[in-house]
Amino acid sequence: MTMDADDESLLEALLAGEHRALARVISKIENRSPGYRELVSELYAHTGDADVIGITGSPGAGKSTLVDKLAEEYRDRGETVGIIAIDPSSPFSGGAVLGDRIRMASAVGDMDVFVRSMSARGTLGGLSTATADAVKAMDAFGKDKIIIETVGAGQNEIDIVRTADTVAVLVPPGSGDDIQTLKAGILEIADVFVVNKADRDGADRTVQELREMVHLGEESGLAGGSGGHHGADVMSSGNAAVDETDDEDEGWTPPIVETVATKGTGIETFIDELANHRMHLVDSGTHAEKVRQRHAEEIRTLLREDVHSLLEDELAESGGIDGLAEAVRLGETDPYSITSDVLAPVEACVENLETGPREDGSNRE
């Protein structure tokens with residue numbers, strides 16, 4: 001894959017630390033502009049150093065305020081920060097509704113805190129492929145910490161494990177039913193639980209309920225101690241399935257941190273727990289496995305997208321799917337026969353396909 005001269009210049013500017021170039025690259029990625037694939041392909045060689053943190057939880061938990069304080073504390077420690085805020089999609093444009101999150105006050109005027117809103121593109125709480133590519137752009141740029149904040153929409157938050165190394169789930173005090181809902185899905189992805197707004201009534205009870213949930217989760221094989229919450233089954237299927245044979249994160253029990261983000265209370269403790277999980281991943285060797293799983297899912301996703309697009313184009317040239325559907329209605333054929341006929345040439349090509357690097361390290365054509 002080769003880039004044109006303009007994209008080469010854009011890449012050079014990004015690697016040189018120009019924030020304007022970073023913004024342009026992310027826009028190119030999000031819009032799927034011509035040449036974006038070649039550009040992202042070149043980014044991979046410059047990634048792998050950033051610590052990617054996911055912040056998720058129910059609406060109203062105070063995620064944006066917490067992310068703001070988190071970024072402020074990281075900057076005080078001399079680290080650069082990139083923030084990707086996954087916003088609800090506009091029903092008209094498909095773009096992010098909330099703009100550039102101007103409510104993140106600490107980021108204003110600080111060029112070392114780069115804030116970018118991205119649309120969930122129709123899947124509330126889900127991370128699109130474009131978001132994962134935007135993380136690569138920030139990583140290649142040289143950001144030390146990349147924080148992904150989602151809108152908070154239930155089990156779809158599980159998508160965040162595809163991109164984040166460490167996932168923090170925020171739970172507001174007095175959640176009650178929300179915690180019961182967490183048992184059904186979010187527990188599997190939480191590396192750290194945060195009870196934000198801990199100065200409100202009901203905070204102590206919420207902490208206790210979370211502790212009981214984590215304990216029960218460990219016993220049933222769902223919590224961090226079992227290693228299942230970031231399993232390959234979760235990542236590939238996008239549901240709450242747990243791979244009981246996956247030993248990833250074995251020995252890690254999600255801690256529960258109390259914060260009051262508006263006052264900055266508990267932020268340092270929260271950062272310490274994030275760092276502890278990062279250290280655990282590296283020391284246990286599971287970070288490398290996590291990265292492998294992430295790349296495997298990227299490959300699957302791209303293959304699904306490309307094959308789907310290819311088949312749609314072929315069907316359009318053959319008169320469109322409506323004509324085939326009419327043939328089925330008339331009893332002239334059936335969906336299974338049509339699918340078999342359409343995929344036959346693809347299967348023939350796959351049988352002759354050679355993938356992976358050659359023994360000399362080069363890629364097969």
Side-chain angles (χ1 to χ4, degrees), residues 52-73 83-88 96-98 101-107 115 117-118 120 123-127 131 147-161 163-164 166-214 217 223-224 229 240 254-271 273-274 277:
V52 185
I53 301 164
I55 306 292
T56 186
S58 58
K63 294 187 294 292
S64 294
T65 304
L66 185 70
V67 168
D68 177 42
K69 295 299 183 181
L70 198 59
E72 186 176 13
E73 179 62 27
I83 299 172
I84 299 176
I86 311 299
D87 283 332
V97 172
L98 301 182
R101 295 295 178 104
I102 57 175
R103 64 181 179 277
M104 290 184 179
S106 69
V115 182
S117 287
M118 297 189 72
T123 305
L124 289 178
L127 292 180
T131 304
I147 304 171
I148 306 168
E149 178 202 341
T150 70
V151 293
Q155 287 197 11
N156 285 331
E157 303 302 322
I158 288 176
D159 285 349
I160 202 171
V161 301
T163 301
T166 299
V167 179
V169 174
L170 270 65
V171 183
S175 296
D177 292 340
D178 287 344
I179 291 183
Q180 295 300 318
T181 300
L182 288 177
K183 291 183 181 179
I186 302 299
L187 175 60
E188 292 94 323
I189 72 169
D191 298 306
V192 180
F193 283 107
V194 181
V195 177
N196 193 31
K197 306 179 182 179
D199 55 344
R200 295 188 178 182
D201 292 340
D204 292 343
R205 179 180 176 183
T206 300
V207 170
Q208 182 59 34
E209 288 177 343
L210 282 171
R211 284 175 180 161
E212 292 173 358
M213 183 184 68
V214 170
H229 69 290
I256 301 167
V257 179
E258 296 180 60
T259 62
V260 183
T262 53
K263 300 177 181 178
T265 305
I267 301 300
E268 291 189 6
T269 301
F270 180 33
I271 286 181
E273 293 295 358
L274 293 174
H277 183 256

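For reference, positions follow the sequence shown, starting with 1.
Looking at every heavy atom in both residues, Phe193 comes nearest to Leu210 through CD2-CD2, 4.0 Å. Of all non-hydrogen atoms in Pro172 and Ala61, the two that sit nearest each other are CD-CB, 3.8 Å. The shortest heavy-atom contact between Pro254 and Ala190 is CG-O, 3.4 Å. Residue Pro255 comes nearest to Glu273 through the heavy atom pair CG-OE1, 3.4 Å, listed as atom of the first residue, atom of the second, then distance. Looking at every heavy atom in both residues, Asp199 comes nearest to Lys263 through OD2-NZ, 3.6 Å. Counting all heavy atoms, side chain and backbone alike, Ala203 lies closest to Ala198 at CB-O, 3.2 Å.
In this structure, CG in Asp68 is found 7.0 Å from CD1 in Ile83, a value given to the nearest 0.5 Å. The structure places OG1 of Thr131 at 3.5 Å from CD1 of Ile86, a figure rounded to the nearest 0.5 Å. One distance of note links CD1 of Ile147 with OG1 of Thr166; it measures 11.5 Å at 0.5 Å rounding. For the atom pair CD of Gln208 and CG of Asp204, the computed distance is 9.5 Å after rounding to the nearest 0.5 Å. Taking CD1 from Ile53 and OG1 from Thr163, the interatomic distance works out to 13.5 Å, rounded to the nearest 0.5 Å. Taking CE of Met118 as the reference point, atom CD1 of Ile84 lies at 6.5 Å (rounded to 0.5 Å).
Ile189 is listed as a side-chain neighbour of Thr56, based on a closest heavy-atom distance under 4.5 Å.
Contacts of Glu73 classified as side chain to side chain donor-acceptor pair (under 3.5 Å), with partners at least two apart in sequence or in another chain: Arg77.
No option in Arg211, Arg205, Glu209 other than Arg211 meets the side chain to side chain contact (heavy atoms under 4.5 Å, CB included) test with Val207. Applying side chain to side chain contact (heavy atoms under 4.5 Å, CB included) to Leu170 and the options Val257, Val195, Thr259, Val194 leaves one that passes, Val194.
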